[in-house]
Amino acid sequence: MEPDILDLENFLPYRLYRLADAVSREFARIYKDSHGLTRPEWRTLSGLGQHGTMTATALGEQSAMHKTKVSRAVAELERRRWLTRTPDENDRRVEHLTLTKAGLAAYAEMVPLAKAFERGLLAKLNAGERAAIAEGLAALERNLA
């Protein structure tokens with residue numbers, strides 16, 4: 001009996017991973033060229049820009065990043081003076097991270113770049129394809145949550 005073979009190129013989890021990685025790499029060129037950021041730094045900056053003050057743990061959960069990547073990104077953004085750390089009043093092990101004025105300015109410069117990238121990506125699809133992707137992703141997210 002022949003072993004079962006997995007057609008990796010048509011295996012949905014593999015296809016989703018490859019697509020997400022390709023889109024992420026393409027978008028990374030934009031924020032790397034404009035502000036010299038790595039992916040974890042961008043995710044940290046955008047998380048704080050969207051949500052305001054967060055802990056490193058919350059940032060890791062929101063962005064699906066390992067704590068060491070979050071820690072390195074926080075250290076680099078702090079070195080650039082784009083964020084500040086404030087110790088929690090009740091638990092000194094916890095720090096609250098907040099963007100500085102410079103960090104908020106950098107975030108504000110990148111938001112239009114991100115939105116333009118998304119528009120360009122979606123423009124490659126017709127209306128039915130855009131709706132199908134939105135519905136399919138929402139269904140997967142609901143069922144995997």
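The distance from the CG atom of Leu137 to the CD atom of Glu135 is 10.5 Å, given to the nearest 0.5 Å. Annotation: the span from Leu45 atom CG to Arg80 atom CZ amounts to 9.0 Å, rounded to 0.5 Å.
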What pairs of donor and acceptor atoms, side-chain ones from residues 120-131 against any protein atom, are under 3.5 angstrom apart with sequence neighbours left out?
from, atom 1, to, atom 2, distance (Å)
Asn126, OD1, Gly128, N, 3.0
Asn126, OD1, Glu129, N, 2.8
Glu129, OE1, Asn126, N, 2.8
Arg130, NH1, Leu122, O, 3.4
Arg130, NH1, Leu125, O, 2.5

Could you tabulate the donor-acceptor pairs under 3.5 Å formed by side-chain atoms of residues 94-104, not counting sequence neighbours?
from, atom 1, to, atom 2, distance (Å)
Glu95, OE1, Arg85, NH1, 3.1
His96, NE2, Asp88, OD2, 2.6
Thr98, OG1, Thr53, OG1, 2.8
Thr100, OG1, Arg81, O, 2.6
Thr100, OG1, Trp82, O, 3.4
Thr100, OG1, Ala102, N, 3.4
Thr100, OG1, Gly103, N, 3.1

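With sequence neighbours left out, Arg119 forms a side chain to side chain contact (heavy atoms under 4.5 Å, CB included) with Lys115, Ala116. Under the side chain to side chain contact (heavy atoms under 4.5 Å, CB included) criterion, Arg25 pairs with Asp21, Ala22, Arg39, sequence neighbours left out. For Arg142, the side-chain hydrogen bond (donor to acceptor under 3.5 Å, both in side chains) test picks out no residue, with sequence neighbours left out. Under the side chain to side chain contact (heavy atoms under 4.5 Å, CB included) criterion, Ala105 pairs with no residue, sequence neighbours left out. With sequence neighbours left out, the side-chain hydrogen bond (donor to acceptor under 3.5 Å, both in side chains) criterion links Tyr17 to no other residue. Qualifying side chain to side chain contact (heavy atoms under 4.5 Å, CB included) partners for Arg93, counting only residues two or more places apart in sequence or in other chains: Asp91. With sequence neighbours left out, the salt bridge (Lys or Arg N to Asp or Glu O under 4.0 Å) criterion links Arg29 to Glu26. Listed by chain and number, the residues in a side-chain hydrogen bond (donor to acceptor under 3.5 Å, both in side chains) with Asp7 are Asn10 (sequence neighbours excluded). With sequence neighbours excluded, no residue satisfies ring pair (Phe, Tyr, Trp, His ring centres under 6.0 Å) with Tyr107.
Contact record, Ser34 with Leu113: OG-CD1, 3.8 Å, taken as the closest heavy-atom pair. Heavy atoms only, all atoms of each residue included: Met54 and Gly47 are closest at SD-O, 3.6 Å. Tyr14 and Leu8 make their closest contact through CD2-O, 3.0 Å (heavy atoms, listed as atom of the first residue, atom of the second, distance).
Surrounding CD of Glu89 are at most 12 heavy atoms belonging to other residues, nucleotides or ligands under 6.0 Å away. More than 12 heavy atoms of other residues, nucleotides or ligands lie within 6.0 Å of CD in Glu109, so this atom counts as buried by the packing criterion.
Here side chain to side chain donor-acceptor pair (under 3.5 Å) pairs that include residues 57-70, with residues two or more places apart or in two chains, are His66-Thr68.
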Report task. Go through the steps for Arg72 and Glu76 under the test salt bridge (charged side-chain N to carboxylate O under 4.0 Å, His left out), then give the verdict. Result -> CA-CA 6 Å; Arg72 288 183 190 132; Glu76 176 57 23; over 6 Å; no
Report task. Start with the C-alpha gap between Lys32 and Leu37, add the side-chain angles, then the distance that decides, and say whether side-chain contact (heavy atoms from CB on, under 4.5 Å) holds. Result -> CA-CA 5 Å; Lys32 183 165 180 58; Leu37 295 172; over 6 Å; no
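A single hydrophobic cluster is seen to contain both Val111 and Leu77, as judged by linkage of ILVMFWY side chains at heavy-atom distances under 4.5 Å, directly or through other members. Residues Val23 and Leu12 fall into different hydrophobic clusters, defined by Ile, Leu, Val, Met, Phe, Trp and Tyr side chains chained together at heavy-atom separations under 4.5 Å.
Contact annotation: the side chain of Met110 approaches that of Trp42 to within less than 4.5 Å [non-hydrogen atoms, C-beta and beyond].
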